[in-house]
Amino acid sequence: MHRRIEETALTNASASDVIAAETIAAISTPPGEGAIAVVRMSGPCAISIAGKIFRGKARPAQFDSHVQHLGEIITDSGKAIDEVLMSVHRTPASYTGEDLVEISCHGGTLVTAKVLERCLRAGARNARPGEFTERAFLNGKMDLTQAEAVIDLIRARTDLALRSATEQLEGKLGEKIRAIRDALVDLLAHIEASIDFPEDGIEPDEGAKLFNRLDSIREKITALLATADQGRILREGVRIVIYGATNAGKSSLLNRLLGYERVIVSETHGTTRDTIEEMVNLCGVPVRLLDTAGFRPSTSDVEREGIARTERSLKQADLRLHIVDRNAPRPVHFEQGTANGNEIVVLNKSDLPEHSDWQNFNALRISCVNEEGLDDLEEEIVARIGKQNLRPENMIAINLRHRDCLRRALDACDRARRGMDEALSPEYIAVDLNETLRAVGEVIGATGVEQILDSVFGQFCIGK
Ligand SMILES: Nc1nc2c(ncn2[C@@H]2O[C@H](COP(=O)(O)OP(=O)(O)OP(=O)(O)O)[C@@H](O)[C@H]2O)c(=O)[nH]1
Ligand SMILES: [Mg+2]
């Protein structure tokens with residue numbers, strides 16, 4: 001009865017058959033100098049390779065799992081390369097699920113490279129980016145959302161992003177996806193039964209129950225999809241674009257919000273020619289701040305291209321900060337965008353006298369020179385972000401890949417729903433539900449494993 005469902009239930013365990021029995025090695029700490037660096041090996045020969053290159057009181061093959069031992073990495077001829085701490089993590093209780101060896105050596109670039117080279121000469125091969133985590137996934141140590149959380153964890157720039165990545169690493173998103181899959185499999189089983197035993201048919205009250213169950217699945221997918229914006233913000237930050245006429249003080253404001261002189265500020269109009277982007281943490285909200293080329297009629301090709309870029313970035317802004325020099329007359333085409341929830345008009349240079357054009361003009365007043373009003377501006381920004389539901393509070397937040405899978409799932413789910421409404425033959429509904437199941441499964445890597453692995457793990461650094 002479940003034959004059509006089984007086709008899609010390819011699990012990571014079965015995908016693990018494809019792992020070659022190779023032992024991989026990499027430097028797992030960032031390049032450059034540090035007190036220590038870690039070289040890792042994973043695979044069936046990791047411990048025997050460690051035995052060839054390590055000299056200490058005990059041999060790696062005799063080490064207890066997860067215990068560090070002091071010793072030396074030595075050349076073929078027995079010359080010491082570095083004094084190290086080595087630990088073995090035996091399968092399956094290791095990060096990758098395979099035998100794993102960690103060597104903490106001194107953090108010089110040359111020393112670390114030599115330790116890695118010894119591992120390679122003794123039989124390991126260079127790991128590809130993300131290959132350790134990929135093996136952890138293929139060996140069933142984590143689902144794909146957890147593997148992706150490892151990247152998020154490494155890249156997290158705010159406490160909130162870190163907490164969200166940790167929750168995902170713990171498998172919270174995976175749990176939700178599995179619950180949706182289970183409900184789908186259940187529903188499919190019913191529908192498949194009516195295909196296999198058509199004489200029994202689907203009773204009307206049972207039909208209504210199936211409708212409700214499909215609707216509840218649909219709601220769950222929709223709820224997860226709604227977290228996509230928050231996911232983007234946790235990972236990339238709220239996009240705030242600073243724009244306005246030339247010389248209004250846009251670059252000065254970017255520098256103030258960053259806390260250092262990132263951009264050139266000058267009294268020459270048209271100083272900033274390109275968009276400049278920096279991350280800041282505003283009250284726990286990750287923000288991508290963009291400084292832009294100021295608006296003015298220009299005959300210069302370079303400046304016009306800069307202004308075109310400003311216009312493009314405004315289209316993608318979550319929030320716009322329209323900066324105005326209140327000491328200067330009001331620009332001819334000035335539009336007050338305060339009514340629009342995603343724009344804040346800011347009158348800058350409040351340390352200077354106000355031009356009569358701005359009298360009684362209702363807007364925030366700041367000074368980038370004496371910092372007056374900057375706290376109010378930050379408060380207003382955070383409030384606007386909150387109003388637009390951009391403030392990430394939901395700890396489960398999907399990424400772009402998840403969004404793509406879930407959108408496809410929702411489309412197929414809607415087709416199935418329409419099929420039910422139109423009382424189509426159950427075979428047609430089963431096709432759409434199977435497609436929903438497949439697309440939902442892709443989120444955790446339960447189907448279509450091969451195609452998605454490269455795109456997910458390719459984002460990792462080598463050694464992770
Ligand atoms: N008095 C005063 N001067 C300011 C203030 N903010 C900026 N300025 C000055 O205004 C001039 C222009 O500042 P910028 O920050 O370069 O202006 P911008 O909007 O980036 O200008 P473009 O890049 O040309 O579009 C500089 O001379 C700044 O020192 C302010 O709050 N008060
Ligand atoms: Mg500028």
Side-chain angles (χ1 to χ4, degrees), residues 237-280 282 287-338 340 342-382 384:
V238 182
R239 269 191 291 253
I240 300 186
V241 177
I242 306 175
Y243 82 103
T246 52
N247 217 46
K250 301 179 293 299
S251 303
S252 307
L253 179 62
L254 178 87
N255 289 344
R256 282 298 181 195
L257 292 175
L258 284 178
Y260 64 95
E261 300 299 306
R262 166 67 181 80
V263 210
I264 300 174
V265 162
S266 113
E267 60 194 22
T268 312
H269 285 249
T271 300
T272 309
R273 291 292 178 97
D274 209 343
T275 47
I276 293 159
E277 187 179 318
E278 284 296 331
M279 284 292 289
V280 286
L282 284 188
V287 167
R288 270 166 79 186
L289 262 184
L290 261 83
D291 180 24
T292 58
F295 285 126
R296 67 163 176 179
S298 173
T299 49
S300 143
D301 285 349
V302 178
E303 191 169 356
R304 281 212 304 270
E305 172 55 27
I307 293 171
R309 286 180 186 206
T310 305
E311 279 162 351
R312 282 202 292 275
S313 50
L314 279 171
K315 287 197 183 113
Q316 293 169 350
D318 293 310
L319 186 65
R320 304 147 150 232
L321 298 187
H322 190 167
I323 311 302
V324 184
D325 180 352
R326 69 162 209 162
N327 175 237
R330 190 157 159 168
V332 191
H333 298 297
F334 183 82
E335 287 167 30
Q336 187 178 8
T338 38
N340 179 349
N342 85 346
E343 173 151 321
I344 302 175
V345 176
V346 182
L347 296 191
N348 186 31
K349 311 196 186 181
S350 65
D351 52 298
L352 298 177
E354 189 162 274
H355 190 280
S356 56
D357 282 2
W358 301 108
Q359 256 168 31
N360 303 323
F361 186 84
N362 181 20
L364 266 174
R365 284 164 170 77
I366 63 160
S367 164
C368 291
V369 168
N370 64 21
E371 301 197 354
E372 194 187 351
L374 286 182
D375 287 346
D376 294 342
L377 176 60
E378 282 193 26
E379 243 172 60
E380 180 63 22
I381 292 174
V382 173
R384 289 290 180 97

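Order of appearance sets the numbers: ligands from 1, and atoms from 1 within every ligand. Excluded from the calculations below are hydrogen atoms, water molecules and symmetry mates; all remaining heavy atoms, backbone and side chain alike, are included.
The Mg ion (ligand 2) has no N, O or S atom of T292 closer than 2.8 Å.
Side chain to side chain, S266 and T271 meet the donor-acceptor criterion of an N or O pair below 3.5 Å. Side chains of S251 and T272: a donor-acceptor N/O pair is present below 3.5 angstrom, by distance only. No hydrogens or angles considered: a donor-acceptor pair under 3.5 Å links the side chains of E303 and S298.
Centred on the Mg ion (ligand 2), the angle running from S251 (OG) to T272 (OG1) is recorded as 90°, rounding to 10°.
Screening K349, K250, R330 for a salt bridge (charged side-chain N to carboxylate O under 4.0 Å, His left out) involving D325 leaves a single residue, K349.
In this structure, ligand 1 sits under 4.0 Å from heavy atoms belonging to T246, N247, A248, G249, K250, S251, S252, V265, S266, E267, T268, H269, G270, T271, T272, G294, N348, K349, D351, L352, S367, C368, V369.
Ion pairing of E305 with R312 is present here, as a side-chain N (NZ or NE/NH1/NH2) and a carboxylate O approach within less than 4.0 Å.
In this structure, N370 places its CG atom where more than 12 heavy-atom neighbours from other residues, nucleotides or ligands lie under 6.0 Å away. Atom CG of L352 has more than 12 neighbouring heavy atoms from other residues, nucleotides or ligands inside a 6.0 Å radius.
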